[in-house]
Protein chains: 2
Amino acid sequence: MTIAEVCKLCAISADTLRYYEREGLLPPIRRTPSGIRDYSEQDLDWIRFAQCMRAAGLPIGALSRYVSLVRKGDSTLRERKEILARERTRLAERLHTLQETLAKLDGKIADYDRRCLAWEREHLRR
Amino acid sequence: MTIAEVCKLCAISADTLRYYEREGLLPPIRRTPSGIRDYSEQDLDWIRFAQCMRAAGLPIGALSRYVSLVRKGDSTLRERKEILARERTRLAERLHTLQETLAKLDGKIADYDRRCLAWEREHLRR
DNA sequence: ATAACATCTGGCGTGCGCTCCAAGTCAAGC
DNA sequence: GCTTGACTTGGAGCGCACGCCAGATGTTAT
């Protein structure tokens with residue numbers, strides 16, 4: 001699969017794909033004899049994983065370390081689990097504060113609803 | 001209240017406070033006759049609001065526009081409400097994808113738990 | 001064979017959100 | 001009065017995660 005196809009499938013830019021590969025978020029992608037990237041289905045899985053984790057705010061470095069451990073084999077299972085568990089904790093915390101913020105926003109918006117109504121009653125009175 | 005006191009109270013750097021003021025996330029802070037910032041309780045409220053919204057990912061620009069509308073008075077109530085409502089929607093979406101990511105992470109971690117156990121059974125057998 | 005287009009590498013540029021620095025002013029204690 | 005430390009401004013610098021571009025090479029269609 002060419003890079004252009006992957007771009008469309010995963011909604012990601014070619015620049016980002018090459019960047020992720022350089023940084024080790026993806027394993028080295030197989031090349032055609034002339035040097036053009038040829039993505040496999042597993043590569044797509046890696047790409048989706050990376051996108052998902054990036055969207056959750058995991059830094060490039062953490063993902064890169066994780067991928068390099070995967071490529072070292074089963075002896076790194078425990079370390080990989082610990083990386084994911086640590087990031088899970090951080091994510092859960094973020095989720096919690098975001099929920100609080102959402103609640104605050106809702107309160108403020110409800111407040112604005114009331115104030116908007118009051119203001120309009122005031123100004124549309126004739 | 002001096003900037004140093006606010007830094008401690010709100011766990012924020014003096015540089016960031018001055019930056020936020022420049023960018024309009026905070027109203028202009030009152031000064032002593034010699035030009036030193038003197039924060040009020042309302043200023044603290046603004047700071048906490050800014051921190052909360054920034055933590056939720058609202059961009060500096062949106063916050064700045066919002067604050068400038070507040071300072072223009074009640075005729076901007078509806079516009080302010082719309083800014084907050086728009087950001088609320090975006091936040092709710094982010095929250096949703098983050099929850100999905102959390103679920104995926106949990107699945108992966110459970111998987112690693114199993115694989116770790118299996119690996120250890122394999123290697124500690126004597 | 002040639003035009004038109006896709007992909008490659010290497011490297012520089014960008015936007016965001018701070019963060020640090022220099023050089024000067026101000027405030028508090030001795 | 002003098003030192004010491006906090007505060008001021010303006011501006012430069014930085015880390016991250018890309019985005020963009022040139023120039024070379026590869027591929028496809030006519």
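Any value given below was found using the heavy atoms of this structure, including those in side chains, with hydrogens, waters and symmetry copies removed. Residue numbers start from 1 in every chain, and the chains themselves are labelled A, B, ... in the order their sequence lines are given, proteins ahead of strands.
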- request: Check the pair B:R121 / B:L124 against side chain to side chain contact (heavy atoms under 4.5 Å, CB included), numbers first and verdict last.
  value: CA-CA 6 Å; B:R121 265 200 305 278; B:L124 299 179; over 6 Å; no
query: Between atom CD in A:E23 and atom P in D:dC18, what is the gap in whole Å?
result: 10 Å
task: Measure the distance from CZ on B:R31 to P on D:dC7 and round it to the nearest whole Å.
output: 13 Å
message: So, using salt bridge (Lys or Arg N to Asp or Glu O under 4.0 Å) as the criterion, who are the partners of A:R48 when residues are at least two apart?
response: A:D45
field: Protein-to-nucleotide contact annotation, 5' to 3' order, nucleotides 13-27 of chain C [B base; S sugar-phosphate only; - none; under 4.0 Å, heavy atom]
entry: ----BBSB-----SS
message: Rounded to whole Å, how long is the line connecting atom CD of A:E5 with atom C1' of D:dT28?
response: 14 Å
Distance in angstrom units between A:L17 CG and D:dG19 C1', rounded: 13 Å
- request: Using the test salt bridge (Lys or Arg N to Asp or Glu O under 4.0 Å), find all partners of B:R86 that sit at least two apart in sequence or belong to another chain.
  value: none
task: Please check if atom NE2 in A:H96 has more than 12 non-hydrogen atoms from other residues, nucleotides or ligands closer than 6.0 Å.
output: no
query: Taking atom P of D:dC18 as reference, at what distance in whole Å does atom CD1 of A:I47 sit?
result: 13 Å
message: Tell me the interatomic distance from A:I3, atom CD1, to C:dA6, atom P, rounded to whole angstroms.
response: 13 Å
- request: Decide yes or no on salt bridge (Lys or Arg N to Asp or Glu O under 4.0 Å) for B:R37 and B:D43, but give the supporting numbers first.
  value: CA-CA 11 Å; B:R37 287 175 182 79; B:D43 295 333; over 6 Å; no
query: To the nearest Å, how far apart are A:E21 CD and C:dT7 C1'?
result: 13 Å
task: Would you verify whether the NZ or CZ of A:K104 falls within 45 degrees of the ring axis of B:F49 while also being under 6.0 Å from that six-membered ring's centre?
output: no
